[in-house]
K.L.:
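If you scroll down you'll find the structure; I have some questions about it.
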Amino acid sequence: MPRQWGGADLRFGSSMAEPGASWGKELSNREVVIRLLKIAWHYWGTCLLLLILQGVLLALFLAAVELTSVGIDFIHHKIRPSIQPPRWPFYFQPDATWTSTEVLVVIALLMVALGLIRGVLNFWYKMKEADLIERQVMFDLRSGTYDKLQRLNFSFFDANASGSLINRVTADTRAMGTFISMVVIQTVILFLSLLFYFGYMMSIHVTLTLACLSTIPLLYYLSSRFSKSVRDDYAKSAELADTMVLTLSESLSGISVVKGFAREDIEKEKFQAINCHVRDQKKSIFNKVSLFTPSVNFLSHINIIILLAYGGYLMSKGEFPLGQLVVFVGLLQQFAGQVQNLSNITNTVQQNLIGARRVFEILDASIEIANQPNPLPLKKARGSIEFKNVTFGYKHAEPVLENLSFEIKPGQCVAVLGPTGAGKSTMMSLIPRFYDQQEGSVTIDGLSAKTLDLEDLRKSIGIVFQENFLFSNTIAANIAFGHPEATQGQIERAARSAIAHDFIMNLPKGYETVLGEGGLTLSGGQRQRLAIARALLLEPAILLLDDATAAIDAQTEKEILEAMDHAMKGRTTIIVAHRLSTLRRADVVFVMEHGRIVQAGRHEDLLNSEGHYQRIAELQLVDAKNLYNSAETKS
Ligand code: ADP
């Protein structure tokens with residue numbers, strides 16, 4: 001079971017975004033880190049185990065170092081008895097009867113045993129760490145982000161390109177996982193080991209330790225300069241990656257247009273340009289990293305030089321045993337290695353914070369359209385719709401619908417006609433609350449749509465758009481998309497109503513035929529009929545057909561509408577249509593212009609009154625006559 005991140009969980013104390021804004025406020029680095037730490041806290045059990053394992057590994061390492069030092073000093077003492085014998089650790093004292101070889105064999109065996117135990121513990125550590133990051137943290141983050149995306153409003157998707165959202169769910173959640181492993185766990189381990197090494201070295205020789213580590217402040221200064229300088233580069237890099245994915249996905253989904261207009265070369269150049277941008281951006285980061293890493297290395301070499309000079313001097317005065325000098329070299333190298341890790345971590349921190357911020361932006365985006373407290377159920381809608389002085393604009397200052405008012409009775413069929421951009425689709429999208437109006441009210445069965453349970457409301461409405469998305473699944477599953485428990489009988493009935501049954505039966509596997517990506521293997525008309533069947537299967541009280549039959553020829557449209565007559569009985573239907581044959585069937589026709597209804601009435605009445613409807617009707621009749629005449633002349 002994925003961890004339920006549901007909104008508030010992943011917010012971890014962040015303030016809600018302002019109402020009306022799709023994005024939350026920009027988080028500072030500090031806030032991002034605090035929230036990431038809180039996420040890591042959810043997995044504190046495994047994190048603690050990892051830290052304990054690292055603590056044990058460190059202790060074992062130091063024990064091995066101590067044994068090395070003892071071994072060297074033992075040999076040194078045997079060669080030159082004037083030199084002090086070693087200090088035996090852990091209250092261990094070899095028996096006086098043991099020969100030198102026996103002592104060395106015991107030391108060697110102990111080191112082999114320590115090495116074996118460290119190997120096993122290291123293996124366990126790596127397994128646990130991978131399990132935590134890959135199987136727990138990233139799985140939960142991806143589920144949480146995807147869950148939030150599913151609940152966000154249309155306005156959010158209007159404002160955000162799909163390429164960027166895909167990157168956020170995939171690459172950026174990975175960056176967050178890396179942050180938890182690299183920064184939260186490894187930084188603690190790093191400081192823990194630095195502390196261990198430091199304590200151990202100090203216990204051997206205080207001034208030598210301080211002298212050897214005198215370059216640390218400079219190293220800290222370099223790291224923070226580096227962090228600042230790469231921060232913007234990483235942000236830019238993430239943006240460019242989004243653009244690249246968007247360019248790629250657009251040219252792939254629009255491949256027929258690209259090929260149809262012979263634009264392959266131009267598209268190739270477009271992709272090449274963005275690809276070059278990504279490459280150059282990476283190069284700038286790479287240059288900075290390449291400069292930083294050797295600088296850190298150089299500083300660690302200075303440490304060794306100080307050790308050899310000062311440590312050698314102490315040894316020549318007999319104040320420092322050879323074994324411990326060798327141990328110091330080893331520890332300083334470890335120290336340098338950890339400091340090198342520190343630079344890697346600083347480097348990844350910037351990258352990961354940007355990724356994390358982008359994921360938090362999704363998690364914090366406000367869900368403007370959601371259930372109010374105690375929403376009213378709408379299990380069996382009757383289907384009356386009323387708009388009262390509705391004003392709406394995608395941008396607040398630019399209304400698309402202005403003061404729009406109308407009433408539709410249950411079971412009525414309303415056709416909507418009007419020029420492109422008049423606001424027909426926008427008006428329809430307010431009924432299932434894809435967007436909320438800024439002023440006025442939309443009521444369903446006399447109840448404000450905003451007070452109704454959103455799921456009930458949307459399940460009461462069947463929608464068919466001009467372009468409908470079909471999933472890469474079987475035809476049956478596509479029809480039953482809104483009602484997965486539907487029986488085969490229900491699916492077929494819906495398909496028959498949409499005049500889809502016959503063509504489906506002619507497909508190789510009938511209802512079990514799997515559609516290609518986006519249903520591309522079907523013709524436009526066939527896809528449209530499947531979409532109509534999908535809407536009808538819901539048996540909705542309200543049916544919205546937004547130019548749904550525009551891509552279908554007039555004859556098929558007539559057949560579909562005739563077949564749907566039965567299905568439409570008892571349902572409130574709104575059809576955006578342009579053909580007289582469709583408009584004629586409606587109980588009432590609304591003519592929309594500039595976001596208002598400028599004419600309303602029955603087909604016959606509108607035909608006889610001056611206005612947009614009459615002009616459109618005349619144009620269509622003239623067209624039909626011309627077509628008929630030319631056909632006559634030809635014959
Ligand atoms: P119609 O369906 O009558 O052709 P629409 O309702 O689609 O008209 O569009 C009405 C106006 O709203 C147009 O100017 C259109 O550009 C704008 N519009 C439509 N959808 C969006 C959107 N998602 N974001 C911003 N503006 C939009």
Side-chain angles (χ1 to χ4, degrees), residues 20-23 149-165 246 250 253 365-369 385 387 389-406 408 413-440 442 449 458 461-469 524 528 531-532 535 542-552 557 573-580 582-583 586 588-600 606 611-613 615-617 619-620:
S22 281
W23 288 127
L149 276 179
Q150 291 290 323
R151 290 182 294 127
L152 281 167
N153 310 138
F154 273 80
S155 51
F156 178 86
F157 295 96
D158 290 342
N160 294 286
S162 59
S164 159
L165 297 179
L246 183 70
E250 274 191 352
S253 46
S366 61
I367 302 177
E368 293 143 38
I369 298 176
I385 303 170
F387 274 49
N389 304 324
V390 169
T391 296
F392 168 78
Y394 294 94
K395 291 183 194 134
H396 281 229
E398 296 168 24
V400 172
L401 304 178
E402 269 193 283
N403 239 343
L404 183 67
S405 299
F406 60 81
I408 303 175
C413 176
V414 176
V416 186
L417 171 78
T420 309
K424 306 180 292 294
S425 305
T426 306
M427 177 270 283
M428 300 261 251
S429 66
L430 298 189
I431 301 171
R433 286 190 72 201
F434 288 164
Y435 300 90
D436 275 343
Q437 68 280 6
Q438 278 104 29
E439 281 170 38
V442 174
R458 292 194 178 157
I461 301 171
I463 311 169
V464 186
F465 303 96
Q466 189 172 0
E467 291 264 337
N468 290 285
F469 190 84
Q528 211 58 10
I532 294 173
I542 297 168
L543 199 56
L544 305 178
L545 305 176
D546 187 357
D547 240 354
T549 48
I552 298 175
E557 179 185 30
T573 312
I574 306 183
I575 312 181
V576 171
H578 302 281
R579 292 191 184 120
L580 278 185
T582 311
L583 298 167
V588 59
V589 178
F590 293 162
V591 180
M592 278 187 82
E593 268 175 27
H594 305 300
R596 295 162 189 266
I597 294 179
V598 290
Q599 279 187 293
L606 293 176
H612 184 84
Y613 194 84
R615 282 198 302 279
I616 294 287
L619 278 178
Q620 286 196 21

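Both ligands and their constituent atoms are indexed starting at 1 by order of listing. Start at 1 with the first residue, then count along the sequence.
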K.L.:
Pull out every atom of ligand 1 sitting under 4.0 Å from any heavy atom of Pro419, numbered as shown with elements.
P.N.:
3 (O)

K.L.:
Of the choices Tyr394, Phe154, Phe157, Phe434, which has the non-hydrogen atom that lies closest to atom 21 (C) of ligand 1?
P.N.:
Tyr394

K.L.:
Give the residue and atom name of whichever protein heavy atom lies nearest to atom 23 (N) of ligand 1, and the separation in Å to one decimal.
P.N.:
Asp158 OD2, 3.1 Å

K.L.:
Can a donor-acceptor pair be found, under 3.5 Å and without considering hydrogens, that links the side chain of Gln437 to the backbone of Leu430?
P.N.:
no

K.L.:
Any non-hydrogen side-chain atom of Phe157 less than 4.5 Å from a side-chain atom of Leu165?
P.N.:
yes

K.L.:
Would you mind listing which atoms of ligand 1 come within a distance below 4.0 Å of any non-hydrogen atom of Thr420?
P.N.:
4 (O)

K.L.:
Could you check Val416, Leu401, Asp547 and say which one makes a side chain to side chain contact (heavy atoms under 4.5 Å, CB included) with Lys424?
P.N.:
Val416

K.L.:
Provide the number and element of each atom of ligand 1 under 4.0 Å from a heavy atom of Tyr435.
P.N.:
23 (N)

K.L.:
Between Asn389 and Ser405, is any side-chain donor less than 3.5 angstrom from a side-chain acceptor?
P.N.:
yes

K.L.:
Using the ring of each side chain (for Trp, its six-membered ring), is Phe387 parallel, tilted or perpendicular to Phe406, with breaks at 30° and 60°?
P.N.:
parallel

K.L.:
Tell me the protein heavy atom at minimum distance from atom 6 (O) of ligand 1, and give that distance in Å.
P.N.:
Thr426 OG1, 2.4 Å

K.L.:
Would you tell me whether Thr426 and Tyr435 have side-chain atoms, one donor and one acceptor, within less than 3.5 Å of each other?
P.N.:
no

K.L.:
Have Gln466 and Asp546 got a donor and an acceptor in their side chains that come within less than 3.5 Å?
P.N.:
no

K.L.:
Checking the N or O distance criterion of under 3.5 Å, is ligand 1 in contact with Val400?
P.N.:
no

K.L.:
Is it the case that the side chain of Asn468 and the backbone of Ala531 share a donor-acceptor pair, with hydrogens and angles ignored and the cut-off at 3.5 Å?
P.N.:
no

K.L.:
Strictly less than 4.0 Å: does any protein heavy-atom distance to atom 25 (C) of ligand 1 fall in that range?
P.N.:
yes

K.L.:
Judged on heavy-atom distance to atom 1 (P) of ligand 1, which of Gly421, Ser429, Gly418, Gly393 sits nearest?
P.N.:
Gly421

K.L.:
Can you sort out which atoms of ligand 1 are near Lys424, meaning under 4.0 Å from one of its heavy atoms?
P.N.:
1 (P), 2 (O), 3 (O), 4 (O), 6 (O), 8 (O)

K.L.:
Look at atom 16 (O) of ligand 1 and say whether a protein heavy atom is found at less than 4.0 angstrom from it.
P.N.:
no

K.L.:
Please report which non-hydrogen protein atom sits nearest to atom 2 (O) of ligand 1, along with the residue it belongs to and the distance in Å to one decimal place.
P.N.:
Ser425 OG, 2.7 Å

